[in-house]
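All figures in this text were calculated on a predicted structure; none of them were measured in a lab. The sequence lines fix the lettering, A, B, ..., with proteins before strands; numbering per chain opens at 1. The figures that follow rest on heavy atoms only: side chains count, while hydrogens, waters and symmetry mates do not.
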2 protein chains.
Amino acid sequence: MTSPDLDHVADDPPPPARRYTKGDRTKERIVEAAADLFSKSGYLAVSQRDIAAQAEITHAGLLHHFPGGKDELLMQVLERRDADDAVVLFDEHLDAWGHLDQTVRIVERNARTPGLVALYAKLSNEASDVNHPAHTYFRRRYEILREHFATVLGELVDRHGDRSALDPDTVAQQLIALLDGLQTQWLLAPETIDMRARLVDFLALLGVDTTGWRTDSA
Amino acid sequence: MTSPDLDHVADDPPPPARRYTKGDRTKERIVEAAADLFSKSGYLAVSQRDIAAQAEITHAGLLHHFPGGKDELLMQVLERRDADDAVVLFDEHLDAWGHLDQTVRIVERNARTPGLVALYAKLSNEASDVNHPAHTYFRRRYEILREHFATVLGELVDRHGDRSALDPDTVAQQLIALLDGLQTQWLLAPETIDMRARLVDFLALLGVDTTGWRTDSA
DNA sequence: CGCATAACTAACCATGTGGTAAGTTCTGCC
DNA sequence: GGCAGAACTTACCACATGGTTAGTTATGCG
């Protein structure tokens with residue numbers, strides 16, 4: 001197509017964009033394919049060959065990058081998503097209200113990405129089997145989430161402590177349960193369920209004033 | 001073992017207990033096996049042969065009774081359970097408080113039957129795929145549940161209407177979400193989550209006085 | 001009793017699965 | 001340029017799956 005000299009120019013410049021070896025790039029392609037398919041069909045229903053096909057590779061080629069097969073891939077997918085969430089959830093600079101605000105925004109984002117939501121919803125329940133590859137992952141995930149929200153809610157009670165006997169730990173369990181349960185209903189009937197609105201309702205029930213929060217940020 | 005005459009006595013008398021043909025009995029055995037395995041491993045992970053084995057039959061034998069395979073079996077399992085729930089949930093004689101009381105008792109029962117809870121938890125999320133055999137079943141199920149609780153909560157607001165601006169429809173969504181979400185956490189960490197207590201907490205938040213309700217009924 | 005029919009089983013099939021082995025092509029670095 | 005090693009592909013394997021067919025055994029009713 002082009003002369004050798006121009007080709008050299010067309011290539012990604014070595015230092016900035018090309019610290020990825022080709023393998024790294026295909027690895028990412030594979031993880032993305034896996035995330036996509038897992039989202040659509042859950043974990044159990046997807047095969048290595050399915051993922052490989054979507055990543056335009058042979059299933060043996062996939063095994064070359066992920067010898068652990070689907071299990072390894074799954075953890076990769078989960079951790080990648082978690083990294084994103086952690087950034088916004090555990091921002092040290094935010095106070096309790098800020099954290100709750102972030103939570104609402106995550107819900108807003110979820111409402112825009114049904115695939116990922118479906119993945120987590122399916123998996124967090126599939127994973128109740130002790131032998132499921134993601135079992136300990138999800139146990140831990142919920143521990144962390146409960147602790148996080150307990151802290152946030154505790155802070156809230158301390159300062160604005162209107163509703164007395166609210167135990168941060170148990171309310172945290174309820175908050176998380178609400179979010180999960182809303183997802184289940186929303187996935188089955190998106191037009192019927194407004195996850196964000198129900199979250200805000202619940203916060204209001206707790207005595208958190210959410211008036212003045214942005215409705216959306218996109 | 002016994003003489004023919006005694007045998008005749010030992011047999012189930014034809015009219016009352018023996019209206020079941022042998023096929024009906026094995027059918028029940030199969031459904032029970034299916035329920036058991038689905039509970040342990042979800043729907044997708046279980047094969048016809050698994051179910052057949054547990055019912056002590058060949059997989060071809062199973063197909064003889066349930067030509068529709070797993071799908072047909074699944075619906076059978078779900079409907080069987082629902083029949084039970086419907087009896088207690090939609091009891092015409094109960095008022096709003098009675099219905100909520102029943103709900104609490106169902107949660108108590110759930111806490112004693114992790115298998116069934118796991119089945120519903122896994123399935124209600126697997127079934128978010130439009131092609132899942134139980135998709136419409138679960139859509140409908142949640143519609144009915146939302147309607148039920150909306151009615152109950154509406155009645156509550158009417159009579160004891162302390163907390164004003166509570167919309168029965170949306171609170172119903174929250175209530176159901178809470179129940180589902182609690183199950184997810186409970187299945188992953190049973191020792192950490194007290195589903196009944198969290199439900200009661202939530203009802204209290206709504207202004208429902210639950211003091212004096214039985215702790216357990218077994 | 002006897003016999004039609006229900007209730008199976010044994011044996012097969014095509015297909016899809018995860019996994020391995022051996023070979024080929026490509027990359028990127030000296 | 002050339003070459004070691006990564007990045008694959010092709011071709012297998014053993015096994016499980018859903019489903020069918022043909023044959024065997026049991027049931028229960030006239």
Take atom CZ of B:F66 and atom P of D:dG18, then tell me their distance rounded to the nearest Å. 15 Å
CZ (A:R196) and CZ (A:R109) are apart, to the nearest 0.5 Å, by 15.0 Å
For A:E147, I'd like to know if atom CD has over 12 heavy atoms of other residues, nucleotides or ligands within 6.0 Å. no
If a pair satisfies ring-ring contact (aromatic ring centres under 6.0 Å, His included) and one of its residues is in residues 27-53 of chain B, list it, with sequence neighbours excluded. B:F38-B:Y43, B:Y43-B:H132
How many whole angstroms separate atom CZ of A:R25 from atom C1' of C:dT27? 10 Å
Sugar-phosphate means primed atoms, P, OP1 and OP2; the rest is base. With that split, encode nucleotides 4-20 of chain C 5' to 3' as B, S or - using protein heavy atoms under 4.0 Å. ---BBBB-B----BBBB
Test B:K122 against A:D129 for salt bridge (charged side-chain N to carboxylate O under 4.0 Å, His left out), laying out the working first. CA-CA 11 Å; B:K122 281 171 194 145; A:D129 287 2; 3.1 Å; yes
D:dA16 C1' sits how many Å from B:L37 CG, rounded? 16 Å
Would you say the side chain of A:T184 lies within less than 4.5 Å of the side chain of A:D180, judging by non-hydrogen atoms? no
